[in-house]
Each structure stands twice: as structure tokens, then as C-alpha cells.
Amino acid sequence: FLFFSDKKRRLLYISVAALCAALLVVAIPKLFAFFWPTIQRLLETLFKQEARILLYRRAVEDFLAHPFFGTGIGYMGNRDVHPSREFALCWYHCAPLQIIGSLGCVGVAAYLYQYVTRVRVFLRSRTNFHWTLLLSWLALEMMSLVNPGVFVPLPYLLLVTMFTVFAEKTPAPAADAVASP
């Protein structure tokens with residue numbers, strides 16, 4: 001992002017990126033040795049009866065059993081796979097799977113509309129501020145691929161709402177002041 005937006009220091013960014021790449025090439029064997037146990041554990045988890053993987057499978061099963069409206073956000077039928085705390089909802093721990101499992105095709109259509117509208121709001125004015133808001137929102141959405149994320153009102157959905165409000169309420173700059181990446 002900085003490489004495209006800050007043309008004055010572009011050479012500095014290229015130099016820093018090249019230095020980091022060179023250090024990474026030198027450090028790859030050590031990094032691989034450091035991360036290999038974690039990679040092995042993740043690969044083994046895919047083939048075990050781990051709760052998160054079972055929840056992912058259950059989301060697809062629930063969607064196939066209830067394709068139009070899903071099972072509903074308050075559905076507690078997954079407690080056999082992942083017993084949540086008392087008064088807590090039983091999540092699928094992945095936003096797209098939460099949408100299809102809990103809300104079905106109607107929820108998919110609603111969320112697609114919401115995502116398209118939100119992206120249009122962020123891209124309405126292509127300033128550095130709007131690009132930063134867009135990237136921040138995308139980061140929360142990516143975090144929501146492995147956690148309930150944006151289905152949790154405080155703080156995550158509140159942050160998404162704030163990003164969108166800031167993007168909507170920030171006036172578009174004059175045509176000559178627009179920064180493009």
C-alpha cells in the first residue's frame with residue numbers, strides 16, 4: 001500500500017523490501033525448522049476428529065438439511081461437537097460457514113448484498129484513508145474465517161460498523177487531491 005501511495009519514498013520502500021526478502025531467503029531454513037512442528041500439527045488436525053473440523057462439516061450438513069433459511073443463529077444443535085458455555089451461542093467458527101449453516105440461501109444473498117454495498121462505500125472515494133478502512137475491514141473478515149469474528153457484536157461488528165460509517169461520512173476530496181494506489 002505504501003509503495004503505491006507514497007511516491008516520494010518509493011525507492012526507500014523498494015530497498016527495505018529487497019533487504020527483507022534477502023534476509024528471508026537466508027532465514028528460510030531456520031524458519032522452516034521453527035514452524036515445521038506447527039505445520040505438522042495442523043495437517044494432523046485435518047484428519048482427526050477435532051472440534052473445529054467437525055463444526056465445518058456440520059455447517060455443510062446443516063445447510064444441506066435446511067438450504068433456504070438455515071438452522072437459525074440461535075441453533076444449539078452443535079453442542080455435541082463443541083459444548084459452548086452457558087448463555088453462549090454455538091458457533092461454527094467460520095463466518096462463511098456460519099452464514100450458510102445458520103442462514104441458508106437467504107442469508108447468503110443478504111450477506112452478498114451487504115458485502116457488495118460495503119465495498120462500494122469504501123471505494124466511493126479512493127483516498128489513503130478509505131483504502132486503510134477497506135484493508136482494516138478485510139483483515140477482520142479474514143480473522144472471521146477461523147473465529148466467530150463479525151458475528152460478535154462487541155468489539156468486531158462495532159469496528160466494522162465504525163469503518164463503514166467513517167467511509168460514508170468522510171467527504172470525497174477534490175478531483176486533483178485523490179490518491180490512487
Side-chain angles (χ1 to χ4, degrees), residues 1-2 4-5 38 42-43 45-173 178-181:
F1 175 72
L2 290 172
F4 289 110
S5 64
T38 302
L42 288 173
L43 291 173
T45 300
L46 290 175
F47 300 106
K48 286 184 180 177
Q49 297 296 317
E50 202 266 337
R52 190 175 303 261
I53 302 301
L54 293 174
L55 284 171
Y56 293 170
R57 290 181 190 149
R58 181 68 60 87
V60 174
E61 292 170 4
D62 288 346
F63 174 73
L64 294 174
H66 308 279
F68 297 111
F69 297 107
T71 58
I73 290 288
Y75 177 66
M76 296 302 216
N78 297 331
R79 285 204 164 169
D80 61 324
V81 174
H82 183 266
S84 57
R85 292 187 178 261
E86 192 173 347
F87 301 114
L89 294 176
C90 195
W91 301 106
Y92 294 102
H93 292 281
C94 177
L97 294 175
Q98 187 73 42
I99 293 167
I100 68 166
S102 294
L103 305 171
C105 290
V106 172
V108 170
Y111 270 85
L112 282 176
Y113 174 76
Q114 174 184 304
Y115 288 147
V116 168
T117 304
R118 186 167 283 136
V119 169
R120 288 174 72 198
V121 167
F122 288 133
L123 295 180
R124 174 180 58 93
S125 175
R126 295 187 176 153
T127 63
N128 290 344
F129 180 69
H130 282 83
W131 283 110
T132 303
L133 291 173
L134 174 65
L135 292 173
S136 300
W137 170 66
L138 288 174
L140 278 172
E141 289 296 333
M142 289 190 317
M143 186 269 303
S144 298
L145 293 175
V146 293
N147 278 315
V150 293
F151 282 92
V152 179
L154 291 173
Y156 303 117
L157 192 55
L158 178 63
L159 286 170
V160 171
T161 304
M162 286 178 15
F163 296 153
T164 308
V165 169
F166 291 160
E168 279 182 331
K169 299 299 181 186
T170 304
V178 174
S180 62

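- A distance of 9.0 Å separates CG of L135 from CE of M142, quoted to the nearest 0.5 Å.
- Summarising the geometry, atom CG belonging to D62 is positioned 11.5 Å from atom CG belonging to L103; distances are rounded to the nearest 0.5 Å.
- Taking each heavy atom of F129 and T170 in turn, the nearest pair found is CE2-OG1, 3.3 Å.
- Listed by first and then second residue, the ring pair (Phe, Tyr, Trp, His ring centres under 6.0 Å) pairs that reach into residues 148-169 are W91-F151, Y111-F151, sequence neighbours excluded.
- Closest approach of L140 and L159 over heavy atoms only: CD1-CB, 3.8 Å.
- A distance of 6.5 Å separates NE2 of H130 from CG of L133, quoted to the nearest 0.5 Å.
- Scored by the ring pair (Phe, Tyr, Trp, His ring centres under 6.0 Å) test, H93 finds H82 as partners (sequence neighbours excluded).
- Under the rule for a side-chain contact (heavy atoms from CB on, under 4.5 Å), P83 has no partner lying at least two apart in sequence or in another chain.
- Taking T117 as the reference, Y113 meet the side-chain contact (heavy atoms from CB on, under 4.5 Å) condition, with sequence neighbours excluded.
- Remark: L97 CG to R57 CZ distance equals 12.5 Å, nearest 0.5 Å.
- Of the inter-residue distances, the one linking Y92 atom OH with S102 atom OG reads 4.5 Å to the nearest 0.5 angstrom.
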Kindly list each side-chain donor-acceptor pair under 3.5 angstrom involving residues 69-81, sequence neighbours excluded, with atom names and distances?
from: T71; atom 1: OG1; to: G101; atom 2: O; distance (Å): 3.1
from: N78; atom 1: OD1; to: R58; atom 2: NH1; distance (Å): 3.4
from: R79; atom 1: NE; to: S84; atom 2: OG; distance (Å): 3.1
from: R79; atom 1: NH2; to: S84; atom 2: OG; distance (Å): 3.1
from: R79; atom 1: NH2; to: R85; atom 2: O; distance (Å): 3.3
from: R79; atom 1: NH2; to: A88; atom 2: O; distance (Å): 3.1
from: D80; atom 1: OD1; to: R58; atom 2: NH1; distance (Å): 3.1
from: D80; atom 1: OD2; to: R58; atom 2: NH2; distance (Å): 3.0

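- With rounding to the nearest 0.5 angstrom, the CE atom of M162 is 15.0 Å from the NZ atom of K169.
- Remark: L138 pairs with L134 by the side-chain contact (heavy atoms from CB on, under 4.5 Å) rule, at least two apart or across chains.
- For the side chain to side chain donor-acceptor pair (under 3.5 Å) condition, the pairs that include at least one residue of residues 139-149, sequence neighbours left out, are Y115-E141, W137-E141.
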